[in-house]
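Start at 1 and go down the list; that is how both ligands and their atoms are numbered.
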Amino acid sequence: MTRTVYVNGDYVPESEAMVSVFDRGFLFADGVYEVTSVLDGKLVDFDGHAVRLERSLSELGMGHPITKDDLLAAHRELVRLNDITDGLVYLQITRGSDGDRDFVYPAADTPQTVVMFTQNKPGLADAPAARTGIKVISIEDQRWARRDIKTVQLLYPSMAKMAAKAAGCDDAWMIEDGHVTEGSSNNAYIVKGNKIITRQLSNDILHGITRAAVLRFAKEAQMEVEERLFTIEEAKQADEAFVTSASTFVMPVVEIDGATIGTGAPGKIAPRLREIYLDESRKAAI
Ligand code: PMP
């Protein structure tokens, strides 16, 4: 089946979708994005993603070219047209193009580019890695200083992921001033005793939508949560470690820089949080 994608209000076959070569998303990475997961044909945490999108646009002084209602309708229509049961909806909004290349932003009334597409991921919630856990390396965080804005400047996270693959691992945790910031495309956590430890929110990390939900569920389940800095050495000594993101939900980490975490298999807390998160997300999906 040919995938149908959304481009500026139109639903078109992916082979016919067009964006200008002068688009600032392409030339300057001048764009923001969101990824929303789909479970049982429904959108998980759509509201959270829509709110963060608004914030990303505002922080970059970009217009808001689509209303939340239209955004929701377009997400649902793409899920329907592409017959997605489990998968992802990717959304990107750029500052558009005024037909040339210039560092200076184009006039504020320049039409922005809004693109959406689906990714079909049957069994998204049953990833085998969730049963075994993943292995991560640590790597210096060389990204820019506004990681709270979800921009499409993803070259360094890609490099980090490639470094992890080259080391025979699955992902990388990034380190700044001796402390873990986050994973290449997820938020990072360690568990000591019954305490879940994760870096506090700031401009240094993306304010994960999954993070917010998981911490809320953890507190509701009477788990202790501490939002603070932690080092990679502390992480290596932890009882458990895990990451969260819209596409991986809660994913146990069982090895950091070759050091085994806990028993080397997922512990109690991360799998329990994954279960709660998936149950609650399915219930609340729209
Ligand atoms: N941090 C980074 C750097 C990310 O790229 C992502 C996923 N886009 C996350 C955290 C997790 O955010 P969310 O739970 O909203 O997917």
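The backbone N or O of D47 lies less than 3.5 Å from no partner atom in the side chain of H49, so there is not a single donor-acceptor pair.
In terms of protein heavy-atom proximity, atom 14 (O) of ligand 1 is closest to T210 OG1, 2.6 Å. From the protein, the heavy atom lying nearest to atom 5 (O) of ligand 1 is S185 CA, 3.4 Å. For atom 1 (N) of ligand 1, the closest non-hydrogen atom on the protein side is E182 OE1, 2.6 Å. Looking only at heavy atoms of the protein, atom 12 (O) of ligand 1 is closest to G208 CA, 3.5 Å.
No N or O atom of S245 sits closer than 3.5 Å to an N or O atom of ligand 1. Considering backbone and side-chain atoms alike, I209 places an N or O below 3.5 Å from some N or O of ligand 1. Every N/O-N/O distance between G183 and ligand 1 stays at or above 3.5 Å.
Atoms of ligand 1 found under 4.0 Å from any heavy atom of N187, numbered from 1 in the order shown, are 10 (C), 11 (C). Atoms of ligand 1 lying under 4.0 Å from at least one heavy atom of A246, given by number and element, are 13 (P), 14 (O), 16 (O).
Using a 4.0 angstrom heavy-atom cutoff, R143 counts as in contact with ligand 1.
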(message) R143 vs D141, test: salt bridge (charged side-chain N to carboxylate O under 4.0 Å, His left out). Steps then yes/no.
(response) CA-CA 6 Å; R143 296 172 301 163; D141 196 334; 2.8 Å; yes
(request) Run the numbers on E34 and R52 for salt bridge (charged side-chain N to carboxylate O under 4.0 Å, His left out), then give the verdict. (result) CA-CA 8 Å; E34 283 295 333; R52 184 172 62 190; 2.7 Å; yes
(request) Please step through salt bridge (charged side-chain N to carboxylate O under 4.0 Å, His left out) for the pair K236 and E233, ending with a clear verdict. (result) CA-CA 5 Å; K236 287 183 200 169; E233 287 72 30; 5.1 Å; no
(message) Does K121 form a side-chain contact (heavy atoms from CB on, under 4.5 Å) with S247? I'd like the steps, not just the answer.
(response) CA-CA 10 Å; K121 307 261 181 196; S247 55; over 6 Å; no
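Contacts of N186 with ligand 1, taken as heavy-atom pairs under 4.0 Å, involve the backbone alone. Here K150 has side-chain heavy atoms under 4.0 Å from ligand 1, and that is the only part of it that gets that close. Neither the backbone nor the side chain of E34 has a heavy atom within less than 4.0 Å of ligand 1.
Under the 4.0 Å criterion applied to side-chain N and carboxylate O atoms, R95 and D30 are assigned as salt-bridge partners.
Checked against the 6.0 Å centroid criterion, the rings of F117 and Y6 do not qualify as a close aromatic pair. Checked against a 6.0 Å centroid threshold, the rings of F46 and H75 count as neighbours.
Taking the six-membered ring where the residue is Trp, F28 and F103 present perpendicular rings, their angle passing 60° and hence far from 30°.
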